[in-house]
Amino acid sequence: MLIGDAAETGHGQGTLNLLTGKYDSYTDAKGEFLGERFEAKVPTLFEYLRRAYNIAQHETLVINGEDRTQEEFYTFSNHHLFGAEFRSNVLSLYRYKVYLLEQQIAANKLGWNEQTLAEKRDELQKMRSLDYRTQQPGQSPEIDQFWARWRNYYGDSGLVNPRGDRLLTELSIRALQQLRPRLMMVNYNDCDYVHWGNMAHYTQGIATMDAGIQRIVNAVEADEFYRGNTLFVVAPDCGRDTSPFAAVPCQHHFNSRSSREVFALFVGPGIDRGKIVDRKCEQIEVARTVGQAMGLTMPHAEASILEEAFA
Amino acid sequence: MSSSILTPDAAVEPLRSASDSPTNNAQSNDAKRKPTSKIFGWLAATWRFFVGVVLCQHLLASLLVVGWTNRIMRRRVLYEWWRGSPSRSTGIGFPEFLHSDSRFQAAAALPHWIGPEEQTTTGWRWCRSLVDNAMRGIAATANLCVIVLPGAVLWYYAWVLGWTISFNKVYEQSHLGALLGFTGIALFAAAMLYAPIALARQAFTNSPAVFYQWKFNWRLVRYGAWGHARLAALFAVLALPLMVIKVAPYFVGHDPAFQEFSTEELAAWLRGYYFWTGMILLPLFLLAWRQAAKTYARAALVMSRLDDQRGNSRWQSSWHAAERQTLHALGYSSVTVNQPSPVWLPRRVAGSLSTACGLAVAWAAWSVLSLQVFVSQFFNYVPGMGWLNPPLVILPYLRYLPPGLVD
């Protein structure tokens with residue numbers, strides 16, 4: 001599976017390829033150097049799904065890492081027929097921090113004086129302003145309830161809950177139990193901390209991700225609501241360099257051939273078990289294939305469907 | 001009253017002009033007769049250069065290159081001192097000066113790698129250059145490591161710590177990585193304010209102990225502050241091609257043609273790459289350290305003259321015997337004044353300001369050099385040596401074979 005030459009081999013671009021089914025050229029919405037605050041021009045899978053089946057916001061989820069805030073906002077496109085009205089919700093440490101600060105300011109049990117309160121309000125405003133495309137701050141009430149339970153269990157310190165990809169797994173499993181999502185995207189990224197450093201982070205990150213997927217699969221299998229009707233798709237947003245002359249050939253921003261070489265793993269009902277599709281295909285086909293599995297028509301996607309994936 | 005700082009501690013007579021000295025005359029004529037053809041000279045120099053490039057391909061062998069460079073630095077110091085000396089004005093040429101004293105004769109030609117420069121040497125001394133190169137290389141590298149490595153180790157640790165913090169999401173401690181990194185850069189730059197002059201002095205005197213004459217060496221640095229700034233800037237500029245050489249294999253490796261190569265072929269290609277780029281590395285290394293020698297030589301002259309003029313004898317005993325005797329032989333100690341002249345206060349303040357500015361510029365340039373290490377590591381990460389050995393500074397060794405291509 002390849003990422004087309006028209007696309008950059010970055011995480012943001014790859015994620016949007018997987019969500020929209022179309023390669024596009026993206027620039028940072030605020031014009032920041034190396035910024036990845038992109039805005040999709042065509043609808044995402046979340047929007048198609050919500051519009052087609054009238055699904056609630058909190059039933060379409062992005063589980064995001066704490067240091068990828070730019071990807072918090074790939075929840076809807078700028079398309080005039082879709083957009084914010086059909087956006088998905090996000091679970092991440094950033095969102096929890098926003099929720100927590102809102103609650104702390106409202107209750108003021110910490111006894112903040114006026115000056116501190118004003119500072120905290122400014123801080124909250126700054127955090128909210130990252131989500132500049134939506135008029136109403138905050139997410140669904142169900143998400144607030146989710147965070148209330150999270151807070152009750154893990155507290156306010158942020159030092160009790162897991163971090164990194166283990167956090168994403170924890171959020172995913174709790175979301176499956178409490179929010180019953182119909183479409184959920186988990187943005188694992190521990191294995192990305194290898195670019196210019198310790199090669200062991202790569203394999204360690206993969207092991208963490210592998211264990212996380214196993215937990216999620218087990219949780220799905222144990223839940224009657226999901227058992228037998230859930231499709232898992234594992235797909236990287238980009239590949240890695242393979243320069244034989246480098247000790248740590250793990251970058252991907254230079255659009256090398258190997259950074260365009262990716263894969264996709266489909267597991268679930270209706271998918272041929274153990275089948276390998278050994279032909280050149282495009283990363284954006286993942287979006288159309290997932291859409292096909294959910295019975296969606298995606299008129300703005302430019303990819304074809306991976307027909308071989310289905311039994 | 002007459003004062004002289006550079007009082008010779010041995011009976012070293014100032015040089016007279018060649019025509020006044022039958023011995024020197026004979027040696028000079030001999031020197032004129034002896035040099036074989038220019039072609040032979042060029043061939044010999046090319047051969048020595050080629051050997052140097054080969055030695056740069058191995059970490060331990062590159063110690064010999066450091067020692068060899070050390071001896072070239074000594075020659076450069078002698079040249080600088082001769083160039084501005086009273087002896088020169090009396091008609092004594094540089095070759096004559098070198099042949100005037102057995103201690104300088106070896107510096108008359110490009111240092112050898114193995115055998116002695118003098119053809120008459122017998123016994124174990126057949127490998128005197130090899131021993132000299134090795135001893136000087138080890139001493140110079142050891143002293144440089146003492147002062148430069150703390151900063152380099154710190155930035156290496158900062159990098160690893162930074163990634164570990166990111167990987168484990170301990171972002172509450174994320175400032176530690178940046179803080180240690182900047183501290184490492186500051187330490188490295190501070191060390192490099194001192195090290196080149198101290199090492200050039202060590203090269204000239206062949207005494208590792210002079211490297212640790214902190215106050216005296218720092219005084220030399222201050223007296224040549226702007227020269228030092230130029231030196232640091234030169235290092236920073238010369239490091240640029242080396243950065244490109246280090247980074248290039250990462251990108252070149254993406255060429256699809258390499259997919260057809262076996263591991264052995266890839267390793268051979270990379271070895272060849274580093275061998276040919278060694279032909280760039282070695283001249284840059286020589287150029288940089290030759291300039292360090294020049295900076296030291298000029299600073300030493302300025303300092304000795306000023307001390308002499310001011311009648312400041314406080315530092316007299318700090319000069320190494322080799323320095324004293326050489327300067328005396330070149331006639332510098334004959335610079336005398338009747339009375340120490342008072343220094344006008346505003347001029348003194350302006351001088352201090354100028355020195356401070358020169359050192360600040362030098363410090364900034366050394367910081368730029370250390371930033372280049374970060375940039376090159378960013379594009380082509382080399383664990384260990386990539387951090388600890390800036391090839392222009394410590395060992396002229398720029399050869400990184402990734403683990404997959406070794407063995």
Side-chain angles (χ1 to χ4, degrees), chain A residues 9 34 64-69 92-94 97 157-159 161-170 188-209 239-261, chain B residues 156 158-174 177 245-267 269-274 374-387 399-406:
Chain A
T9 50
L34 296 178
N64 201 33
E66 63 185 278
D67 47 4
R68 289 267 173 83
T69 47
S92 68
L93 219 52
Y94 157 74
K97 285 175 186 170
S157 70
L159 299 174
N161 54 271
R163 303 289 284 266
D165 282 354
R166 289 187 181 87
L167 168 77
L168 303 198
T169 302
E170 197 60 36
Y188 282 126
N189 61 25
D190 272 2
C191 64
D192 192 39
Y193 293 91
V194 65
H195 272 260
W196 316 279
N198 193 343
M199 197 64 197
H201 285 170
Y202 190 59
T203 45
Q204 208 178 327
I206 289 171
T208 305
M209 200 159 42
R240 296 274 166 190
D241 291 341
T242 54
S243 174
F245 300 140
V248 185
C250 289
Q251 306 203 36
H252 56 79
H253 287 294
F254 306 117
N255 298 317
S256 62
R257 175 163 177 89
S258 58
S259 68
R260 296 188 177 282
E261 291 172 340
Chain B
Y156 183 16
W159 186 270
V160 173
L161 180 70
W163 280 107
T164 306
I165 284 173
S166 295
F167 182 74
N168 292 300
K169 306 290 181 295
V170 198
Y171 286 120
E172 290 75 8
Q173 307 294 326
S174 62
I245 288 171
K246 184 185 164 193
V247 166
Y250 187 91
F251 295 96
V252 172
H254 290 134
D255 189 323
F258 288 114
Q259 290 177 0
E260 310 299 324
F261 280 40
S262 67
T263 305
E264 290 76 18
E265 286 170 329
L266 287 168
W269 190 94
L270 201 55
R271 284 193 190 101
Y273 171 83
Y274 285 124
F374 279 81
V375 172
S376 66
Q377 288 289 81
F378 180 85
F379 284 108
N380 188 9
Y381 186 74
V382 177
M385 288 299 289
W387 292 110
R399 191 172 181 272
Y400 304 117
L401 262 70
L405 296 186
V406 179

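A, B, ... follow the sequence lines: proteins, then strands. Residue 1 opens every chain.
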> With chain B as the partner chain, list the residues of residues 198-207 of chain A whose heavy atoms fall under 4.5 Å from it, by residue number, and write 'none' if nothing qualifies.
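Under the 4.5 Å heavy-atom cut-off, H201(A), Q204(A), G205(A) qualify.
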> Measure the shortest side-chain to side-chain distance between H195(A) and Y381(B) over non-hydrogen atoms and say whether it is less than 4.5 angstrom.
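Not in contact.
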> Is there side-chain contact between Y273(B) and F245(A), with heavy atoms separated by less than 4.5 Å?
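Counting from C-beta outward, Y273(B) and F245(A) never come under 4.5 Å.
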> For the OG1 atom of T208(A) and the CZ atom of F167(B), what is their distance to the nearest 0.5 Å?
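It comes to 5.0 Å.
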> So what's closer than 4.5 Å to chain A heavy atoms on D255(B): side chain, backbone, both or neither?
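Contact with chain A involves no heavy atom of D255(B) at all.
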> Which atoms of S259(A) come close to chain B, meaning under 4.5 Å heavy atom to heavy atom: side chain ones, backbone ones, both, or neither?
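Neither part, no heavy atoms under 4.5 Å.
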> Please report the closest heavy-atom contact between P244(A) and P402(B), naming both atoms and the distance.
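Smallest interatomic distance, heavy atoms only, reads O-CG, 3.3 Å.
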> Are any of the side-chain heavy atoms of V170(B) and R163(A) separated by less than 4.5 Å?
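Contact flag for V170(B)/R163(A) side chains = no.
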> Check for a donor-acceptor pair, side chain of Q251(A) on one end and backbone N or O of N380(B) on the other, with a separation under 3.5 Å.
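Side chain of Q251(A) to backbone of N380(B): no pair is present.
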> Nearest 0.5 angstrom please: H254(B) NE2 to N255(A) CG, how far?
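It comes to 10.5 Å.
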> So how far is it from L159(A) CG to E172(B) CD, rounded to the nearest 0.5 Å?
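So the CG of L159(A) and the CD of E172(B) are separated by 6.0 Å.
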> With respect to chain B, which residue among G65(A), A246(A), P249(A), G158(A) yields the maximal number of heavy-atom pairs within a distance under 4.5 Å?
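Looking at each of G65(A), A246(A), P249(A), G158(A) in turn, A246(A) comes out on top.
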> Working to the nearest 0.5 Å, report the span between CD of Q259(B) and OG of S258(A).
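With rounding to 0.5 Å, CD (Q259(B)) is 8.0 Å from OG (S258(A)).
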> Of all of F378(B), W269(B), F251(B), which one pairs up most often with chain A through heavy atoms under 4.5 Å apart?
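The answer is F378(B).
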> Side chain from CB out, backbone as N, CA, C, O: work out which of these in W163(B) comes under 4.5 Å of a heavy atom of chain A, or both, or neither.
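For W163(B), the contact with chain A is made by backbone and side chain together.
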> Side chain, backbone, both or neither: which part of E66(A) has an atom under 4.5 Å from a heavy atom of chain B?
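Answer is side chain: those atoms of E66(A) sit under 4.5 Å from chain B.
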> Return yes when atom CZ of R166(A) has more than 12 non-hydrogen atoms of other residues, nucleotides or ligands closer than 6.0 Å, and no otherwise.
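Not buried by this count: 12 neighbours or fewer within 6.0 Å.
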> For T263(B), which atoms come within 4.5 Å of any heavy atom of chain A: side chain, backbone, both, or neither?
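Contact with chain A involves no heavy atom of T263(B) at all.
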> Measure distances from F261(B) to the heavy atoms of chain A and classify the residue's part below 4.5 Å as side chain, backbone, both or neither.
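For F261(B), no heavy atom lies under 4.5 Å from chain A.
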